[in-house]
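Treat the numbers as computed from the prediction; the structure is a model and nothing was measured. For the numbers below, each heavy atom of this structure counts, side chains included, while hydrogens, waters and symmetry mates do not.
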Amino acid sequence: MSELGDLDLESLLHAIARGDNKAMEAFYQQTINKVFAFCLRVTKEEPLAEEVVCDTYLQVWQHAADYDSVRGDVLAWLMVLTRSRAFDTLRRNRHHLYHDQIDEELASESDTPEDLLEAIDQSDVMYKLVQQLDETQRQLVALAFFRGYTHSEMAEFTGLPLGTIKSRLRRALQTLREQLMECGYGWNGESDV
């Protein structure tokens, strides 16, 4: 199926804003490949990517009238929506990842009850400290440590220059290190208390 030009996508968005289901279907058919590929690259899991796709197109349906051609082309607008939905999904799932990590630690039979309590305490402290970082720092830490992105991949994903990625991530890690030490933990998470 050939791709529509931006003017055609804009016309479809105007029709979607008026509640035209066929326009929504045509818009979806013309853009789904790019949206899904982006979602899969961000989430690295097909079920999560599918969830983001659904959320994105629901946003398109509900907010097509908000599109303003002065601020950018239709595809850029769509990808901003997609990116926003992807990060919302990652944030929601970060909480689940945190609890999954604790469950894995609890499942280890070689740990004593004291070891398990210490592991839960360390995870809880780190989770709270990460939540205190600014949004960009949290995003970079999540991409680096939860998703395994390289600096280059983070730069491509966020649109920030590579040097900015490196310096902001370095500052985030330094902040976490200082906060951990203030909480009585060494940088490797071992309690100094």
Side-chain angles (χ1 to χ4, degrees), residues 1-95 97 130-172 175:
M1 190 178 285
S2 66
E3 293 211 18
L4 292 172
D6 198 53
L7 289 176
D8 294 326
L9 288 176
E10 189 171 341
S11 297
L12 287 173
L13 264 184
H14 291 302
I16 292 167
R18 293 188 305 271
D20 186 330
N21 289 329
K22 291 204 182 286
M24 183 67 198
E25 183 178 336
F27 186 85
Y28 174 88
Q29 291 299 322
Q30 292 300 319
T31 58
I32 184 60
N33 290 337
K34 287 183 180 173
V35 169
F36 184 75
F38 179 82
C39 292
L40 191 58
R41 195 175 84 212
V42 172
T43 65
K44 299 193 187 293
E45 295 178 27
E46 199 166 312
L48 282 179
E50 290 170 354
E51 180 182 334
V52 173
V53 166
C54 290
D55 288 348
T56 298
Y57 285 103
L58 178 60
Q59 285 287 114
V60 169
W61 179 254
Q62 293 173 337
H63 297 282
D66 296 342
Y67 169 71
D68 181 1
S69 61
V70 172
R71 298 178 73 194
D73 66 30
V74 174
L75 209 47
W77 176 80
L78 177 62
M79 297 315 288
V80 166
L81 283 180
T82 304
R83 181 178 182 268
S84 178
R85 300 286 66 79
F87 279 120
D88 287 348
T89 300
L90 288 177
R91 278 196 268 316
R92 272 195 315 269
N93 284 295
R94 186 180 328 143
H95 183 71
L97 288 172
V130 168
Q131 295 306 306
Q132 293 174 11
L133 296 172
D134 69 46
E135 184 176 347
T136 301
Q137 289 176 326
R138 277 196 314 270
Q139 176 187 21
L140 295 177
V141 168
L143 290 173
F145 297 102
F146 293 127
R147 296 293 170 200
Y149 277 35
T150 66
H151 290 134
S152 298
E153 289 171 329
M154 286 187 275
E156 180 184 335
F157 180 77
T158 63
L160 295 171
L162 185 59
T164 302
I165 294 291
K166 290 179 179 181
S167 64
R168 288 188 181 176
L169 187 57
R170 189 178 322 111
R171 270 186 257 135
T175 299

Is it true that atom CD of Glu25 has more than 12 heavy atoms of other residues, nucleotides or ligands lying nearer than 6.0 Å?
no

Quick one: does Val42's side chain get under 4.5 Å of Val52's, heavy atoms only?
no

Can you tell if the side chain of Thr158 reaches within under 4.5 Å of the side chain of Arg83, non-hydrogen atoms only?
yes

Nearest heavy-atom pair of [X] and [Y]: which atoms, and what distance?
{"X": "Lys34", "Y": "Leu75", "value": "NZ-CD2, 3.5 Å"}
{"X": "Trp61", "Y": "Asn21", "value": "CH2-OD1, 3.1 Å"}
{"X": "Cys39", "Y": "Val53", "value": "SG-CG2, 3.9 Å"}
{"X": "Pro161", "Y": "Ala155", "value": "C-CB, 4.4 Å"}
{"X": "Ala17", "Y": "Ala64", "value": "N-CB, 3.8 Å"}
{"X": "Val60", "Y": "Ile16", "value": "O-CG2, 4.0 Å"}

Kindly assign one of parallel, tilted or perpendicular to the pair Phe157 and Phe38, based on the angle between their ring planes and the thresholds 30° and 60°.
parallel

Who passes side-chain contact (heavy atoms from CB on, under 4.5 Å) against Ser69, sequence neighbours left out?
Glu10, Tyr67

Would Arg168 and Met154 count as a side-chain contact (heavy atoms from CB on, under 4.5 Å) if you check the C-alpha gap in whole Å, the side-chain angles of each, and the deciding distance to 0.1 Å?
CA-CA 11 Å; Arg168 288 188 181 176; Met154 286 187 275; over 6 Å; no

Tyr57 side-chain N/O to Ile32 backbone N/O, donor-acceptor pair under 3.5 Å
yes

Distance-only, no hydrogens or angles: does the Thr175 side chain make a donor-acceptor pair with backbone N or O of Arg171 under 3.5 Å?
yes

Can you tell me how far the [atom1] atom of [X] sits from the [atom2] atom of [Y], to the nearest 0.5 Å?
{"X": "Arg85", "Y": "Thr82", "atom1": "CZ", "atom2": "OG1", "result": "9.0 Å"}
{"X": "Gln139", "Y": "Asp134", "atom1": "CD", "atom2": "CG", "result": "10.0 Å"}
{"X": "Gln62", "Y": "Leu81", "atom1": "CD", "atom2": "CG", "result": "10.5 Å"}

Using the test ring-ring contact (aromatic ring centres under 6.0 Å, His included), find all partners of Phe36 that sit at least two apart in sequence or belong to another chain.
none

